[in-house]
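Just below is one structure, and these are the notes that go with it.
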Amino acid sequence: MAAYLILFGLTWLLQFEEKKTHMTVTENQKQGFKDVFPVILKLPIVMMTLVLTLVPLLFLGAFNLVIINISELQESSAIKG
């Protein structure tokens, strides 16, 4: 518990210098979600992160569906939690 309090206290000492840049969007330069796709294709670490994130997501979702089906077969809602 003391370690968490020390970490919480140390976070107040952190200082980040941010350069504030002002970008203006012109009529010819539209921004949207489609601008993200070239970044995903250009950087392989982004694609790898998405794949590594989706695998546990699918596993947990499938496990949840199995638990729901088992509870429906046994007609017991206590299994769901």
Side-chain angles (χ1 to χ4, degrees):
M1 181 73 168
Y4 289 117
L5 292 174
I6 291 170
L7 283 174
F8 182 73
L10 289 176
T11 56
W12 291 104
L13 300 175
L14 292 175
Q15 295 180 358
F16 296 104
E17 295 180 15
E18 296 182 26
K19 296 179 182 177
K20 296 189 178 191
T21 59
H22 184 65
M23 292 180 56
T24 59
V25 178
T26 60
E27 291 180 15
N28 295 337
Q29 183 186 12
K30 293 183 180 179
Q31 290 183 341
F33 188 71
K34 291 181 181 178
D35 296 336
V36 176
F37 291 120
V39 175
I40 291 173
L41 295 176
K42 187 164 63 168
L43 298 173
I45 189 71
V46 176
M47 184 65 76
M48 189 184 317
T49 304
L50 287 174
V51 169
L52 290 175
T53 304
L54 288 176
V55 169
L57 179 71
L58 291 174
F59 175 76
L60 290 174
F63 183 74
N64 191 18
L65 289 175
V66 167
I67 295 298
I68 290 172
N69 284 336
I70 289 172
S71 69
E72 288 176 358
L73 286 174
Q74 294 184 354
E75 296 177 359
S76 172
S77 63
I79 297 173
K80 293 180 187 176

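Linking ILVMFWY side-chain heavy atoms closer than 4.5 Å, directly or via other members, places Y4 and L13 in two distinct hydrophobic clusters. One hydrophobic cluster holds both F37 and I45 under the rule that ILVMFWY side chains link at heavy-atom gaps under 4.5 Å. By the criterion of side-chain heavy atoms lying less than 4.5 angstrom apart, applied directly or through intervening Ile, Leu, Val, Met, Phe, Trp or Tyr residues, L58 is not grouped with L52; the two fall into different hydrophobic clusters. When the side chains of ILVMFWY residues are joined at heavy-atom separations under 4.5 Å, either directly or via intervening members, F16 and F8 end up in two distinct hydrophobic clusters. Clustering ILVMFWY residues whenever any of their side-chain heavy atoms sit less than 4.5 angstrom apart, transitively, puts I70 in a cluster other than the one holding I68.
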Can T53 and L57 be said to form a side chain to side chain contact (heavy atoms under 4.5 Å, CB included), step by step? CA-CA 6 Å; T53 304; L57 179 71; 5.7 Å; no
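Note that CD1 of I40 and CG of D35 are 11.5 Å apart. Values are rounded to the nearest 0.5 Å. Put simply, CG on L5 and CG on L7 are 9.0 Å apart, with the number rounded to the nearest 0.5 Å.
No side-chain donor-acceptor contact under 3.5 Å links N69 to the backbone of V66.
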